[in-house]
Structure formats: structure tokens, C-alpha cells
Amino acid sequence: MTQDMNLAFYDRVSAELADIHAQGLTKPERVIASRQGPVISVNGRDVLNFCANNYLGLAGDERVTQAGIKAQEKWGAGTASVRFICGTLEIHKELERAIADYLGFEDAILFAAAFDANGGIFEPLFTEADAIVSDSLNHASIIDGVRLSKAQRYRFANSDMADLEAKLKEARAGGARNIIIATDGAFSMDGYIGKIDQIRALADQYQALIMVDDCHATGFLGDKGKGSFAHCGVEVDFVTGTFGKALGGAMGGFICARPSVVELLKQRARPYLFSNALAPAVCGSSLEAIRIAAGDEGDKLRAQLFANAARFRSAMAEAGFDLLPGEHPIIPVMLGDAKLAQDMAARLLELGVYVIGFSFPWCRAARPASAPRCLRPTPSNRSTPPSPPSPRRARSWGSSDTPNRSYDFRLSSAMMTDRPTGLSAAHSTTAAISGATDMPI
Ligand SMILES: *Cc1c(COP(=O)(O)O)cnc(C)c1O
């Protein structure tokens, strides 16, 4: 009897997988045989990389790599302990100081990932007496973190300030003790930068705190790459972020906040209390990445990043592709069809360009509740296979006959390599693209 039920379970798993596959939504793992960088080795050949979150090109940087090795030599593989039991090394304190100083905060707390930082921030700080007002397109980890807290929850439409104000009013009318507004600093699927200045004004008006997740901003947006809040010229109460993107690309997360908040989180945040301390190698690499990003070299890397993004954007627009507007180096290329996006990504890989098709559950257009802004609101997007400005081109990539329910093909531009030899593949394919880029989840 039990055995039969277990067999049914495995059948159900297989059926679900088959369903994902049938919809053309399978996400394959492509194996890379080199360091992360503008050019990577895939299937035995060098291809241009438009997919990593390696905004400043530091993930494969020799200095960042060596700093990790040095830290590992000094401190070993790790602490075999959580921080508060027997796992706080000098290098952890050094990294907390460095990230806090870089972003202009008094203190910081480290986590194994930004996912954990977002999972750990709300529950200890906000109770049923409080309210969390969260952007509808916030990262999955913020959504999970909010779920773990007992606070009242309000959701406002993505970057819709009128809706945010309505929700703040509601929360105030509901008698909330404290209100916290939670938002991504830059939204990873469409590259839109959060309206942190307007959020600041509303927060002041309604006496709310602000938490910004700057995973797609730390290191490259705003003055010295301090992030979206610096880009918008305002201060916020909490910044969560990652060392896994622009700041070296290894892994690890953090929360920057006032010392009292950090102290309380160190007493109460469950991912901090019940998960191992960050590995020394990760700390060493992250420290070196912060040093580079915070200095003059960081300014040069950021200038290069945005020059690349502008070049990619203008050349792709000229070639007739449908792009979402914006200034962030994430530059989504809209195809209107999930299967087409997968096929096009596969074909581009053959041509020496590494991109990935993005669709449900990441793409906003695939979420019925959200405004379908990444779809052009023309009938063509839903009712026919790709009819962006370049239908002939799109068809030649091999489109499906049946329209699919997801739409997004997302590329983003990032580092131009200073190794021009790596770019030859680009010239024969997407002539205008030189450089590698980044694409987040
Ligand atoms: C990548 C990302 C995360 C997760 O970061 P990790 O350090 O890899 O866990 C969280 N929030 C946002 C907005 C992200 O883009």
C-alpha cells in the first residue's frame, strides 16, 4: 500500500517534469569549462558570455582570485561552526567593516547568501503589530522573508507610487506600529531601477522605514557604485546585498544597517544563527572586490560597463529588436514566445554567443496579476508568434507555431573585455556586440 503511494509520488514528479518539457520551459544546465568572464568555454569552444551577473568583470579577476586563495591559506577551509558558537574570524569582522564603510553604513552582518539576508531580516524586526509594504515584483527571497514574518502584509504594484501611497495609508489606518517598505533597488528581470527617491519621500510622509535589496546595484549604480539609493541621492534604513554579483561573484550576502539593528539581528536572525559562517576564501575575494569597486579603478570599470550597455542597447535597437527601455545594464530583449526564446538561445550558442531564454516563473508578463509591461500591449504579442520589429529574423531562429504563455528573452550587457581577441565570434554573429554581459535570476 505504502509502496504504491510512493510509486505514485515518483510518477507525479516525472509527469510534472514532462509537462515543463512539453511547454518548452525546461532550464538546462550548460556546463562551463573555464573561469567566469566575458569569454567562456562551453562545449569545447570559446563563446561570448552575455549571461553572468559579473558586472565589473571581477569574478575571474586574478587579484580577486588570489585574495581568496591567500585567505584560505591563512584561515583554512572554514570554521566548521556558525558565527556565534565558534565561527567568527577576524576576516569576518574585516568584511563586515568593509561593506558597511563602502555603502556608508555604521554596521553590517554577513549571511551565507543574500537569499538568507532577505530571509532573516523581517521576522526578528517586525511582528504582528507592524506592516510590511512590498513591491509586487520583489525578488523571491524577499517574498519568502516576508512570509516568515508575522507582520501585516501589503503589496503595491511594481514601482507604482500611487499604489504605494494607497497601501501606506491603509497600513497607517490599520494601526500599524512600524511600517517598512521593501523593494528591489533594481528589478532583475526587466532592469528597471527602483524609484528610491520617491519612495523616500513617501516614507517620510507616512513615517515608514525603507529596506532596499541592492543585489543588482551594489558595486555599479550610483556614486562609487554604492547602489540604487546613492543613484537616487537618498538614504535608506536597510540595504541587503550579495557578494555573488558585481562584488567578486563568489557568494555570500549582507545587511547594512544601524548598529542596534545589526546587534539584534545577530541575536535573532535564524539564517545567521543556524547556518555556517562564510568561508574564508569567499571573504578574501569579496574584500578585494570591494577594494577595487570602491576605488578609482571602480570608476573606470563602471564607465566601461555603462558604455557597453549603451552600445549594446543602441545596436540591438537598430537591428530591430524589441528592448525594454532603461539605463541599467540588464537589457531585456522581448520575443513574446518562450519556445522561441529557448530556440534562439540554443541557436545563438551554436553561433558563439551564450544567452538564456527567460520565461515563467521569472518574467513579469507571465504573471497574470501584474501589468503586462514587458509585453508590448499589441495583440501580436499574445496571439501570434514573435512579431517584434524583425519578424523575418525571428522566424529564421525557428519559432513555434503555437504561441506560448511566456514571453521574455533577457540579455544584459556588462563588461567589455580588454582582450579584444575574444571578440571575434561576436563579429560574425551579432556584429555590434562586443563584450560579455550579465543576466540575473
Ligand atoms: C541574486 C539576488 C538575490 C540572491 O542573492 P544570493 O546572494 O545569490 O542569494 C537576492 N535578491 C535579488 C534582487 C537578487 O537579484
Side-chain angles (χ1 to χ4, degrees), residues 27 36 51-56 58-59 95-96 99 103 108-122 132 134-148 158-159 181-196 199 210-222 225 227-229 231 236 238-256 269-272 275-279 281-283 285-286 289-290 326 328-332 356 358 361-364 408 410-412 414 437-441:
K27 295 168 284 296
Q36 190 62 274
C51 273
N53 297 311
N54 190 18
Y55 291 102
L56 300 179
L58 297 178
L95 182 56
E96 285 171 348
I99 189 65
L103 302 191
I109 170 176
L110 305 179
F111 290 85
F115 206 104
D116 286 335
N118 289 334
I121 190 171
F122 298 105
I132 303 170
S134 182
D135 189 289
S136 62
L137 285 194
N138 277 342
H139 190 265
S141 54
I142 298 180
I143 295 168
D144 287 5
V146 170
R147 280 182 186 150
L148 290 171
N158 177 230
S159 287
I181 303 167
T183 182
D184 280 17
F187 293 89
S188 56
M189 280 305 97
D190 48 26
Y192 293 154
I193 297 171
K195 299 172 183 166
I196 313 300
I199 292 174
I210 303 176
M211 173 276 208
V212 169
D213 174 347
D214 252 352
C215 283
H216 283 288
T218 305
F220 61 96
L221 275 191
S228 64
F229 61 95
H231 175 84
V236 296
F238 320 108
V239 169
T240 64
T242 185
F243 301 113
K245 287 176 179 138
L247 294 183
M251 64 183 302
F254 59 84
I255 298 170
C256 286
R270 293 164 67 85
Y272 178 86
S275 191
N276 224 36
L278 219 49
V282 170
C283 296
S285 288
S286 303
I290 293 170
H328 196 280
I330 292 170
I331 302 172
I356 293 276
F358 260 61
W362 298 292
C363 170
R364 78 155 71 208
D408 206 350
R410 189 173 154 296
L411 305 167
S412 50
T437 56
D438 111 81
M439 177 176 75
I441 284 185

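Any value given below was found using the heavy atoms of this structure, including those in side chains, with hydrogens, waters and symmetry copies removed. Numbering of ligands and ligand atoms starts at 1, following listing order. In what follows, residues are counted from 1 in the order of the sequence shown.
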Residue Asp213 vicinity, atoms of ligand 1 by number, heavy atom under 4.0 Å: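 Counting from 1, the qualifying ligand atoms are 10 (C), 11 (N), 12 (C), 13 (C).
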Per-atom contacts of ligand 1 with Ser141, taking only distances under 4.0 Å to non-hydrogen atoms: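 Listed by number with element, the hits are 10 (C), 11 (N).
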Test side-chain contact (heavy atoms from CB on, under 4.5 Å) applied to Asp184 and Ile142, Asp135, Leu137, the passing residue: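 By the side-chain contact (heavy atoms from CB on, under 4.5 Å) criterion, Asp184 pairs with just one of Ile142, Asp135, Leu137: Ile142.
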Single hit among Asp213, Ile199, Val236 for side-chain contact (heavy atoms from CB on, under 4.5 Å) with Thr183: Ile199
Centroid-centroid under 6.0 Å between Phe220 and Tyr55 rings: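 Centroid distance Phe220-Tyr55: below 6.0 Å, so yes.
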Contact check: His216 vs ligand 1, nitrogen or oxygen atoms, below 3.5 angstrom: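 Between His216 and ligand 1, an N or O pair is found under 3.5 Å apart.
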Ligand 1 N/O within reach of Phe115 N/O, cut-off under 3.5 Å: yes
Best match, Met251, Lys245, His139: closest heavy atom to atom 15 (O) of ligand 1: Lys245
Proximity to ligand 1 by part of Ala114, non-hydrogen separation under 4.0 Å: both
Test item: side-chain donor near acceptor, Asp144 and Asn118, under 3.5 Å: no
Side chains of Thr218 and Asp214, donor plus acceptor under 3.5 Å: no
